[in-house]
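Below is one structure; the comments refer to it alone.
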Amino acid sequence: MALPMPTKRRSTFVQSPADACTPPDTSSASEDEGSLRRQAALSAALHQSLQNAESWINRSIQGSSTSSSASSTLSHGEGKGTSGSLADVFANTRIENFSVPPDVTATTSSSSARPAAIDLPPSGIVKGMHKGSNRSSLMDTADGVPVSSRVSTKIQQLLNTLKRPKRPPLKEFFVDDFEEIVEVPQPDPNQPKPEGRQMTPVKGEPLGVVCNWPPALEAALQRWGTTQAKCPCLTALDVTGKPVYTLTYGKLWSRSLKLAYTLLNKLGTKNEPVLKPGDRVALVYPNNDPVMFMVAFYGCLLAEVIPVPIEVPLTRKDAGGQQIGFLLGSCGIALALTTEVCLKGLPKTQNGEIVQFKGWPRLKWVVTDSKYLSKSPKDWQPNISAAGTEPAYIEYKTSKEGSVMGVTVSRIAMLSHCQALSQACNYSEGETIVNVLDFKKDAGLWHGILTNVMNKLHTISVPYSVMKTCPLSWVQRVHTHKAKVALVKCRDLHWAMMAHRDQRDVSLSSLRMLIVTDGANPWSVSSCDAFLSLFQSHGLKPEAICPCATSPEAMTIAIRRPGVPGAPLPGRAILSMNGLSFGVIRVNTEDKNSALTVQDVGHVMPGGMMCIVKPDGPPQLCKTDEIGEICVSSRAGGMMYYGLAGLTKNTFEVIPVNSAGSPVGDVPFVRSGLLGFVGPGSLVFVVGKMDGLLTVSGRRHNADDIVATGLAVESIKTVYRGRIAVFSVSVFYDERIVVVAEQRPDASEEDSFQWMSRVLQAIDSIHQVGVYCLALVPANTLPKTPLGGIHISQTKQHFLEGSLHPCNILMCPHTCVTNLPKPRQKQPGVGPASVMVGNLVAGKRIAQASGRDLGQLEDNDLVKKHQFLTEVLQWRAQATPDHPLFLLLNAKGTTVCTATCLQLHKKAERIASVLCDKGHLNAGDNVVLLYPPGIELITAFYGCLYAGCIPVTVRPPHAQSLTATLPTVRMIVEVSKAACILTTQTLMRLLKSREAAAAVDVKTWPTIIDTDDLPRKRLSQIYKPPTSEMLAYLDFSVSTTGMLTGVKMSHAAVSGLCRAIKLQCELYSSRQIAICLDPYCGLGFVLWCLCSVYSGHQSILIPPMELESNLFLWLSTVSQYKIRDTFCSYSVMELCTKGLGNQVEMLKSRGINLSCVRTCVVVAEERPRVSLTHSFSKLFKDIGLSSRAVSTTFGSRVNVAICLQGTSGPDPTTVYVDLKSLRHDRVRLVERGAPQSLLLSESGKILPGVKVVIVNPETKGPLGDSHLGEIWVNSPHTASGYYTIYDNETLQADHFNTRLSFGDAAQTLWARTGYLGFVRRTELTAASGERHDALYVVGALDETLELRGLRYHPIDIETSVSRTHRSIAECAVFTWTNLLVVVVELCGCEQEALDLVPLVTNVVLEEHYLIVGVVVVVDPGVIPINSRGEKQRMHLRDSFLADQLDPIYVAYNM
């Protein structure tokens, strides 16, 4: 295939075993299983056309209108197979398995019959929509002007309130600037529009008045129970489908009476009854026990308490169980009725009590088996009054979002509905009906429990469990009992057809009505037709098939009346799917597969009135050729959602309005939740449910239709029992379609991927809509509804939470996200003059800042006397020989090595003499120092300086990973042209070992000298450099982009740097500092090796790797020695935060106290990690750490220390900036909590003698205050240049000695740091008495990603991704041929790997407006991190491209 198939580790996905013998349970959204529409024919057509998915995928990727140029890189050339759309292939395929369905209102008897009239515009033309409708583009995003706004917490600012610039108005923070961001698709000029006249409400026939209809349903029960006691009322079946018990009317009456009496009189005391009339009671009865349920239901009616039938809870956390609990709570239910057997089966706690179900109120359980009921006294009679508007029962209904509401049905509505059903179905006394539906709700309750008693019918109830084992049982019951009416769903027709071979001799000739209660489903037509063609030979009459439409709110909306034998059957509507998506009825003329054939559901119910209103907005009446929500007005309908007045008003009290908005009549209608239209002859057609509506880019699609398309694509090999769920999620200002299917345990990876590709193609072709995500999960793992269908809202919740655990996933954001903003066009280069006019003439300060002046801060005579560090060391060895400078600790916190001034001097002399004697080195030769962090490294460094050699400190290779670490050592040795390597005996052996030879050529090492056993030989003369501009040492470092750079540090720079740090941190010989840093480069090396010798303070050295075996080491050292100033790296801070987060109490018990700490400085060359430093401060404030102590430094390759907080001066300030502006290279300050805001912290205070200026990197012109640009630095301790073999002069000049293109500072020589940032003048006062200028670092220029013309900092995308799921340990992003690649480390179990793919894609799209091209899920520890705790993204990228990551899963988003 052209599209890279996702790669997956084999071990990962173990399928759950699935019961092999169960019949296909083709459940979709509801319990409406069985989607057969178009299946056979579509499968055949799809088989031909989808052979070559390659070309389609290529085509879809190249055609994706606004996907970044990235998408084209995926398509490796155009596929040759299919040309044109799927539609062309389908054009000649026959969809139905009977003769081609006629026009919208023709009759089936003759397919060429003249079409009957349908309301159309006078011209009679039906317009179709042009397929390739283009999405005209909108204007580019508007660039906001940077708005200054100050955010700080200092009280001092109160005084300056009046001076504060005006904030953006409040609404700017809370109103989404949706228009600015999104490319809003323009409506297609060719889209079909409704052209009919406004519809008029349609009336059903009047409800006939029958003389013997009872005044209330309870009265009917009393009548039959006392006069026809022996007549059968309800027959229950056992597990095998055999009748097990028949309830007579006499028994029903007597047992209901007993229960009513018990409920009212026997549950509490006489003075304090537990129940009183009007109270609500839960009915908890299993689906295989209709008898007990019926008794309980009528018992409640007789006692005038309100039954609320619910499902039996199976576990503490059933799908949707919590919402049922909410319903019980809001209905104020404290009592649940159930059977003894059911009660025994409920989950119990260890001491035998029923568990408290999640979200449920505390319930008292009452068993209603006869033996526990009290017989009512002779004189006790229930109160049976004429039916009124008081509530009779509450039926629960689950909404699209998963919330459960109780539809309250009044006694008069219950009675009227029974009367309307009796009239419409022409029920007569004593008829037998077979009910396969759930008897607790909907049509199963209305026909099988209520209308049944009204007309003294006999119901045979076939439970769902029997249908699973014996799918033909309901047909056998009809045959055995000569039933007149059967109540079924499409799935029951489907199952009966599957099992048909088992039973030849059944007869359905007795059936006058086969009521198909989900006749409103898209696939009901084909189910009914197929069933008829199979069972017509068994006596089934075509006119007996009666589809109907129902909803919990409006109850029965319409039902087809039983036809007259021989009369023509009603017509079919063959509608254009494209028209439907615009809510317009159009006869399909273009091609067969984008047609939807729907059958009518008969006429409006007797006594009812129906209208069609627009589904969204005010209830405006639709036009005659428009699809809308069906609304019904009749006495038979729900009265309210219990306890939800607002929702009730919008649903049960709807007054339709005309196009002008004025009400039409004053009769309130009830919204049914069904979408449809009224066709010719007042026939009602339903095309979908409001709950299944997916509105994508302004077009409406029906979830059930998409399920049907999925099932039609040869799903048998891949999809387990036809279980497919379709829903939409809101991502980036539009709904996105998600399809989730259960995968058969035996489906191969290849089959599944093939099926997924075909489904995407079919949905795209038939519905003209893109699927955002298609996921396959192991069989039996989707949450189920009580009758085994898929619980959609719970599935959606799992998807969004990342707990769905798919085993296969395909994301197609490139094809279906069409509303991304246009890529930003860079403006042509701006000349210096216009920069000047733009930024500076407007009265803005130039963005520059500087530390204190070094000239006025002359400290003692040290500086005048000794300009070299070697002289300072010699002077200290004479003046204070026994003063300890260094103290090295091991993992246990014990001192393993110390060095006084004299010891250090003596050892340095001995090393210098070895260099001269053994190494025969000359002054100016480079020497590589290869030591573990410790004092040996320091002595070797000064030894080199004494001998006049130039030291190069290098991190030693790791014995366990030589292949990874040794090449870097080798590279530095080669690049630095080292004449000699100083190291320890152990490392020397390692360098020459066989393992090392496998990684590098060990024969070409320069001279290696081990310094473990030094001869006691004095140096004849200590080298003194002729000028301070001479080189002191080389600093080599690998940047995060994988570049190895060495910079040259002169003696003058070293002295200047040490002096600046001494002044900033107030370091004296009486002070102690603790250092937990890597000592090989940058400021870490300076603090470890140089500062103590210069300032005379004592440094306690803690090698960071020791923390791995003892996390407490650093903090306990700081506490034990009462350290005021400590330095660490981000990796050390992170280790402590993660490792000691839950051990603060233990730290306290060990007596660790950090109240002594004045400054805790993180040494870094990146944007401050505010969240980490905040977490650290918060976590350890309980052991005395001051919230003001933690700060960061900022340095770069050209100048290792630009900022450092130090002891004096104001605390670091923070600001919130707008992320969207940052992407446009602008700074816009916003308030805390503003959407899309980023918290930035100042990177410490600028060191003495350092000046910085913010510069436009392209024009090299200075920028104004609070403008984003490159940070340039001028200072005495800037490095003198890069150390390269070729000495690239132009790069050298550009980075180290460059000038501004204009302005006052144009004469100064500046060094470019390569970091973006800005300077902002604060209201605080600096030590000099002036206002303090804060420097904010945003990120390294060479790390930024240029995507869609905008500049992204990887850390911002990574922060968003890390938040999406608890199992993401670390994450890194990089680009690959314009595709954004996101690598996430999974710290959970491997089955969560694929959950991360949609979450990562969603969050990057939502927060950064980027489409992720590839998501790579790897094990923890795969993302390489350097010693400073920075991610090595380029190394990661190289490993990814070289296929060395061993990923758990790689998803290529299409």
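No experiment lies behind these values; they were computed from the predicted model shown.
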Hey, does the side chain of Thr1137 reach the backbone of Met1133 with a donor-acceptor pair shorter than 3.5 angstrom? yes
Main chain of Arg1169, side chain of Tyr1130: is a donor-acceptor contact present, judged purely on distance under 3.5 Å? yes
Determine whether Thr1192 and Ser1241 make a side-chain contact, defined as any pair of heavy atoms from C-beta on separated by less than 4.5 Å. no
Note, Phe1318 side chain near Val1217 side chain (heavy atom, < 4.5 Å): yes
Closest approach of Ile1202 and Ser1196, non-hydrogen atoms and distance? CD1-OG, 4.3 Å
Work out which heavy atom in Val1093 is nearest to a heavy atom in Val872; give both atom names and the distance. O-CG1, 3.3 Å
Checking Thr870 side chain against Leu945 main chain: does a donor-acceptor pair fall under 3.5 Å? no
CG of Leu1044 to OG of Ser1037: how many Å apart, nearest 0.5 Å? 8.0 Å
Indicate yes or no for a side-chain donor-acceptor contact from Ser1186 to the backbone of Arg1188 under 3.5 Å, with no hydrogens or angles considered. yes
When rounded to the nearest 0.5 angstrom, what is the spacing between CD in Gln848 and CG in Leu1263? 11.5 Å
Quick test of your reading of the model: are Arg1197 and Asp1035 salt-bridged, counting only N-O distances below 4.0 Å? yes
Between Arg1433 and Glu1358 (salt bridge meaning N to carboxylate O under 4.0 Å), is one present in this structure? yes
Answer yes if the side chains of Ser1099 and Ser1092 hold a donor-acceptor pair under 3.5 Å, and no otherwise. yes
Got a donor-acceptor contact below 3.5 angstrom from the Arg852 side chain to the Leu1063 backbone? yes
Nearest 0.5 angstrom please: Ile1423 CD1 to His1435 NE2, how far? 14.0 Å
Using modelled atom types only, decide if a donor and an acceptor are shared between the side chain of Glu1270 and the backbone of Gly1314 within a distance under 3.5 Å. yes
For residues Leu1185 and Ser1177, report the shortest heavy-atom separation together with the two atoms involved. CD2-CA, 4.0 Å
Check the pair Ser1129, Val1162 against side-chain contact (heavy atoms from CB on, under 4.5 Å), reporting the backbone distance first and the verdict last. CA-CA 5 Å; Ser1129 64; Val1162 188; 5.5 Å; no
Validation row: Leu1179, Cys1136 side chains within 4.5 angstrom (heavy atoms): no
Sub-4.5 Å side-chain heavy-atom contact between Arg1232 and Ser1237: no
So which heavy atom on Ile938 is nearest to which on Trp1088, and how close? CD1-O, 3.6 Å
Is there a donor-acceptor pair closer than 3.5 Å between any side-chain N or O of Thr1193 and the backbone N or O of Ala1164? yes
Give the C-alpha distance, both sets of side-chain angles, the deciding distance and a yes or no for side-chain hydrogen bond (donor to acceptor under 3.5 Å, both in side chains) between Glu1066 and Thr1207. CA-CA 7 Å; Glu1066 297 175 6; Thr1207 49; 3.0 Å; yes
Backbone N or O of Val1338 within a donor-acceptor pair of the Glu1166 side chain at under 3.5 Å? no
Within the structure provided, determine whether Thr1322 and Glu1242 are in side-chain contact (heavy-atom separation under 4.5 Å). no
I'd like to know if Arg845 pairs up with Asp1333 as an ion pair, taking the criterion as any Lys NZ or Arg NE/NH1/NH2 lying under 4.0 Å from an Asp or Glu carboxylate oxygen. yes
Hey, does His1277 have a side-chain heavy atom less than 4.5 Å from the side chain of Val1250? yes
Any heavy-atom pair between the side chains of Asp1356 and Arg1167 that's under 4.5 Å? yes
Chi angles and distances behind the side-chain contact (heavy atoms from CB on, under 4.5 Å) call for Arg1320, Asp1265: CA-CA 6 Å; Arg1320 177 170 167 271; Asp1265 189 86; 4.3 Å; yes
Begin with the C-alpha distance, continue with both residues' side-chain angles, and end with the deciding distance and a verdict on side-chain contact (heavy atoms from CB on, under 4.5 Å) for Leu1350 and His1224. CA-CA 6 Å; Leu1350 301 170; His1224 287 266; 3.5 Å; yes
Looking at Tyr1033, Phe1127, Phe1036, which one forms a ring pair (Phe, Tyr, Trp, His ring centres under 6.0 Å) with Phe1085? Tyr1033
Provide the closest heavy-atom pair for Lys1431 versus Ala1372 in the form atom of the first, atom of the second, distance. CD-CB, 4.2 Å
Within the structure provided, determine whether Ser1275 and Leu1247 are in side-chain contact (heavy-atom separation under 4.5 Å). no
Ring centroid separation for Phe1296 and Tyr1282, is it under 6.0 angstrom? yes
With rounding to the nearest 0.5 Å, note down the distance linking OH in Tyr1121 to SG in Cys1156. 13.0 Å
Counting only N and O atoms by type, is there a donor-acceptor contact under 3.5 Å from the side chain of Lys1245 to the main-chain atoms of Pro1210? yes
Heavy atoms only: give me the nearest Pro1262-Val1253 pair and the separation to one decimal. CB-CG2, 4.4 Å
For the pair Glu1165 and Glu1430, evaluate side-chain contact (heavy atoms from CB on, under 4.5 Å) and give the outcome as yes or no after the intermediate values. CA-CA 9 Å; Glu1165 296 185 4; Glu1430 297 163 339; 3.9 Å; yes
Kindly say whether Leu1219 contributes a backbone atom to a donor-acceptor pair with the side chain of Gln1236 at under 3.5 angstrom? no
So CG of Leu1140 and CG of Leu1135: to nearest 0.5 Å the spacing works out to 8.0 Å
Euclidean distance, Ile1075 CD1 relative to Leu1101 CG, rounded to 0.5 Å: 5.5 Å
